[in-house]
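Whatever order the structure lists them in is the order used to number ligands and atoms, beginning at 1. In what follows, every heavy atom counts, from backbone to side chain, and hydrogens, waters and symmetry copies are set aside. Just so it is clear, the structure is predicted and the values come from calculations on it, not from any experiment.
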Amino acid sequence: MTTSYWAAGTALTSPPLDGDAECDACVIGAGIAGLSVAYELAAAGLAVIVIDAQGPGAGETGRTTAHLMTAFDDYFSYVERHLGHQAARQVARSHAAAVSRMEAICAAESIACDFRRVDGYLFAESSDGEDLLARELEAAHRAGLEDVERASDVPTGKVLLRSALRFPRQGQLHPLKYLGGLVDAIQRRGGKVYGKTRAMEVSDGHPATVDTASGARIRAGSVVVATNTPFIDRFAIHTKQAAYRTFVVGMKVPRGSMPPSQFWDTLEPYHYVRIAGDFDPDYQLLISGGEDHKVGQADDAGQRFARLADWTRQRFPVVDAPVFAWSGQVMEPVDGVAFIGRNPGDANVYVVTGDSGNGMTHGAIAGMLIRDQITDRTNDWAELYDPSRKSLTAVVEYARENANVVVQYADWLGKDDGVALDAIAPGAGHVVRAGGRHVAAFRDADDGLHTFDATCPHLKCLVQWNSLEQSFDCPCHGSRFGVDGSVLHGPAKGGLEPVDVTRDDQRHH
Ligand SMILES: Cc1cc2nc3c(=O)[nH]c(=O)nc-3n(C[C@H](O)[C@H](O)[C@H](O)COP(=O)(O)OP(=O)(O)OC[C@H]3O[C@@H](n4cnc5c(N)ncnc54)[C@H](O)[C@@H]3O)c2cc1C
Ligand code: FES
């Protein structure tokens with residue numbers, strides 16, 4: 001696995017839950033979404049338990065670039081066109097409120113996480129991009145972001161960006177230091193945070209219950225599933241979002257050579273850039289992301305990192321060679337808006353998913369929205385983010401995304417890597433055909449071969465090898481599995497099934 005700049009310098013750990021427990025609210029998942037919800041509920045006086053299969057920040061929040069944006073990565077013009085003017089205003093208001101809320105929490109809880117306000121620039125380099133900027137400026141104003149303005153000759157450390165929109169007062173922080181501060185604040189209010197505690201089943205009811213892999217059961221007035229993608233339903237939400245892998249390089253820049261600021265371009269997929277903070281006494285780190293692909297549909301990370309570094313060097317020539325490179329996963333909802341609220345069909349179970357490139361602020365929005373829902377307060381954003389919302393546009397878009405998923409089901413019928421088991425090198429994995437089935441095979445450094453049924457336990461797609469992160473990834477809904485077969489990312493609940501494979505099995509096929 002790759003390591004992010006944040007995780008390289010900050011480790012958060014929590015002890016496992018060691019027996020049955022009861023609380024007002026049990027939050028599953030200790031990323032930005034889960035800990036934001038837990039913090040808001042604890043601050044509202046509820047007894048809160050948070051559990052995480054690994055530990056706080058071990059998921060995508062430890063891999064983010066943490067631009068806290070009012071600029072919406074699916075564009076206000078898109079939201080306005082497909083969901084309406086009112087929805088665009090609520091998107092703008094809720095993300096602005098999220099940045100302010102995170103700033104206020106940092107101040108109130110004395111969280112030293114390098115939070116700062118910076119200008120953000122959406123810039124164009126083509127005539128299509130120019131058109132998009134023109135549309136987006138108008139739409140941002142109509143959505144209530146009246147201070148967004150045209151900017152030209154924006155300095156990026158020697159190169160000038162000729163055509164851009166300036167979004168003032170965006171936020172940024174160190175995501176793991178922020179999560180560490182939330183954990184402390186939750187615990188100061190009597191809340192409990194447990195790591196190495198995987199939830200396996202959630203049942204709605206009074207109380208709702210969470211059964212963990214160790215056998216411990218938590219009874220709670222409400223349960224919030226904030227596991228990036230929920231493991232509790234098979235279809236309801238997974239058919240409305242698609243999983244993407246995105247790539248980041250961290251490059252040194254001489255201190256003071258660039259003003260602290262954020263940048264995004266108008267390409268699809270887009271690039272995203274910010275100054276992260278201190279690298280050493282003479283340098284800061286510029287982190288640049290992009291080159292996304294659908295999960296499990298490419299395994300060429302080296303080329304993607306090289307393209308990303310080149311793209312960055314051309315626009316930000318003050319950068320030095322890359323010193324960090326990592327990747328992460330993002331769930332893209334069909335209409336660009338996250339799913340936050342009651343789980344479809346449940347009374348006391350809530351979900352947060354569909355994070356997209358605005359997942360940090362979506363997490364903070366979830367904190368405020370789910371707090372209000374659990375404590376019976378009115379929240380104007382509830383309808384916009386409702387996981388059960390239906391819109392014609394979403395269905396049309398869904399059909400397009402789903403067509404791509406169907407291709408993956410077709411893959412299940414026949415494709416393997418065409419590699420012999422013997423030919424798998426130490427440290428490498430492959431999907432091979434052996435003993436009449438598809439096998440996910442990994443050879444460890446001591447030449448030991450580990451073999452699993454390559455069928456994803458979620459809805460039976462065929463997993464693919466991800467050589468960068470050393471995992472088997474499912475192209476259908478983004479489940480990921482470690483080289484020991486264990487589940488790393490949902491929606492799958494459990495791991496790949498171990499199988500015995502002999503060389504004869506492979507030959508006789
Ligand atoms: C490279 C990259 C760059 C990004 N850049 C930005 C950005 O600039 N701005 C922005 O707003 N967003 C950005 N995002 C998106 C944002 O970072 C994510 O959306 C957000 O961090 C997701 O938070 P989360 O709490 O939903 O999930 P996670 O952080 O993944 O947390 C989920 C937690 O649930 C736990 N878990 C899973 N299953 C179980 C289970 N069964 N039982 C118990 N625990 C479980 C996991 O261990 C994990 O810790 C980026 C994402 C990536 C990958
Ligand atoms: S994640 Fe749904 S089939 Fe694999």
Check the pair Lys177, Asp114 against salt bridge (Lys or Arg N to Asp or Glu O under 4.0 Å), reporting the backbone distance first and the verdict last.
CA-CA 8 Å; Lys177 288 182 182 171; Asp114 312 325; 3.7 Å; yes

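- Evaluated for a side-chain contact (heavy atoms from CB on, under 4.5 Å) with Phe324, the options Thr2, Val249, Leu285, Ile287 yield exactly one hit, Leu285.
- In terms of N/O distances under 3.5 Å, ligand 1 is not approached by Thr227.
- On a distance-only criterion, Asp355 and ligand 1 share at least one N/O pair closer than 3.5 Å.
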With salt bridge (Lys or Arg N to Asp or Glu O under 4.0 Å) as the criterion, how do Arg63 and Glu469 come out once you've worked through the C-alpha distance, each side chain's angles and the decisive distance to 0.1 Å?
CA-CA 12 Å; Arg63 301 182 155 263; Glu469 301 294 351; 3.4 Å; yes

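- Of the angles at atom 2 (Fe) of ligand 2, the one spanning ND1 of His477 and ND1 of His458 is 100° when given to 10°.
- In terms of protein heavy-atom proximity, atom 3 (C) of ligand 1 is nearest to Thr65 N, 3.5 Å.
- With Thr212 contributing its side chain and Ala216 its backbone, the two residues share a donor-acceptor pair below 3.5 Å.
- Side chain of Glu497 to main chain of Asp453: no donor-acceptor pair is present (N/O by atom type, distance under 3.5 Å, no hydrogens or angles).
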Determine, stepwise, if the pair Lys493 / Glu201 fulfils salt bridge (Lys or Arg N to Asp or Glu O under 4.0 Å).
CA-CA 9 Å; Lys493 263 192 249 190; Glu201 296 294 338; 3.0 Å; yes

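- Of all the heavy atoms of Val330, the ones lying under 4.0 Å from any atom of ligand 1 belong exclusively to the side chain.
- Residue Gly34 has no N or O atom closer than 3.5 Å to an N or O atom of ligand 1.
- Every atom of ligand 2 is numbered from 1 in the order shown, and the set under 4.0 Å from a heavy atom of Cys461 is 3 (S).
- Scanning the protein for heavy atoms near atom 25 (O) of ligand 1, the closest one is Ala33 N, 3.0 Å.
- Considering backbone and side-chain N/O of Thr61, one or more are found under 3.5 Å from N/O of ligand 1.
- Residues satisfying the salt bridge (Lys or Arg N to Asp or Glu O under 4.0 Å) test with Asp372, not counting sequence neighbours, are Arg377.
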Applying side chain to side chain contact (heavy atoms under 4.5 Å, CB included), run through Gln172 and Gln262 and close with a yes or a no.
CA-CA 9 Å; Gln172 63 183 44; Gln262 298 175 358; 3.2 Å; yes

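- Remark: ligand 1 atoms within the under-4.0 Å shell around heavy atoms of Tyr272 are 1 (C), 2 (C), 3 (C).
- Not one N or O on the side chain of Lys240 forms a donor-acceptor pair closer than 3.5 Å with the backbone of Gly354.
- In terms of protein heavy atoms, atom 28 (P) of ligand 1 is closest to Glu60 N, 3.5 Å.
- Taking the six-membered ring where the residue is Trp, the centroids of Trp264 and His271 are separated by 6.0 Å or more.
- Panel note: side chain Ser94, backbone Val91; a donor-acceptor pair is recorded below 3.5 Å.
- Numbered from 1 in the order shown, with element, the atoms of ligand 1 that lie under 4.0 Å from a heavy atom of Ser356 read 15 (C), 19 (O).
- Contacts between Phe247 and ligand 1, counted as non-hydrogen atom pairs separated by less than 4.0 Å, are absent for every part of the residue.
- When only modelled atom types and interatomic distance are considered, Asp73 and Tyr270 share a side-chain donor-acceptor pair under 3.5 Å.
- Residue Thr197 touches ligand 1 through its backbone alone, judged by heavy-atom distances below 4.0 Å.
- Residue-level proximity to ligand 2 for Cys474 is carried by the side chain, the only part with a heavy atom below 4.0 angstrom.
- Across Ala492, Pro230, Ser36, Ala226, heavy-atom proximity to atom 32 (C) of ligand 1 is greatest for Ala226.
- Of the protein's heavy atoms, Met360 N, 2.8 Å lies nearest to atom 11 (O) of ligand 1.
- On a distance-only criterion, Ile32 and ligand 1 share at least one N/O pair closer than 3.5 Å.
- In terms of polar-atom proximity, Gly359 is counted as a contact of ligand 1, with an N or O under 3.5 Å from an N or O of the ligand.
- Using a 4.0 Å cut-off to heavy atoms of Gly31, the atoms of ligand 1 that qualify are 25 (O), 29 (O), 31 (O).
- Contact atoms of ligand 2 toward Ser479: 1 (S) (distance under 4.0 Å to a heavy atom of the residue).
- Between atom 34 (O) of ligand 1 and the options Gly29, Gly195, Pro175, the minimum heavy-atom separation is to Gly29.
- Taking any N or O of His67, backbone or side chain, at least one lies under 3.5 Å from an N or O belonging to ligand 1.
- Between the choices Asp52, Leu35, Thr64, the shortest heavy-atom distance to atom 4 (C) of ligand 1 belongs to Thr64.
- For ligand 1, the atoms sitting less than 4.0 Å from at least one non-hydrogen atom of Thr246 are 1 (C), 2 (C), 52 (C), 53 (C), numbered in the order shown with element in parentheses.
- Using cut-offs of 30° and 60° for the angle between ring planes, the His95 and Tyr385 rings count as perpendicular.
- Under 3.5 Å, the side chains of Glu291 and Thr246 contain no donor-acceptor pair of N or O atoms.
- For ligand 1, the polar-atom distance check against Ser327 finds no nitrogen or oxygen pair separated by under 3.5 Å.
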Go through Tyr121 and Leu165 one step at a time and tell me if the side chain to side chain contact (heavy atoms under 4.5 Å, CB included) criterion holds.
CA-CA 5 Å; Tyr121 296 95; Leu165 299 184; over 6 Å; no

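- Counting heavy atoms closer than 4.0 Å to ligand 1, residue Gln329 contributes backbone atoms (N, CA, C, O) but none from C-beta onward.
- Between Phe279 and Tyr5, a ring centre-to-centre spacing not shorter than 6.0 Å is recorded.
- Of the candidates Val248, Val50, Asn228, Asn228 brings a heavy atom nearest to atom 24 (P) of ligand 1.
- Within ligand 2, the atoms closer than 4.0 Å to a non-hydrogen atom of Cys456 are 1 (S), 3 (S), 4 (Fe), numbered from 1 in the order shown.
- Backbone and side-chain nitrogen or oxygen atoms of Gly357 are examined, and one is located within less than 3.5 angstrom of a nitrogen or oxygen of ligand 1.
- Taking only nitrogen or oxygen atoms, main chain and side chain alike, Gly57 does not reach within less than 3.5 Å of ligand 1.
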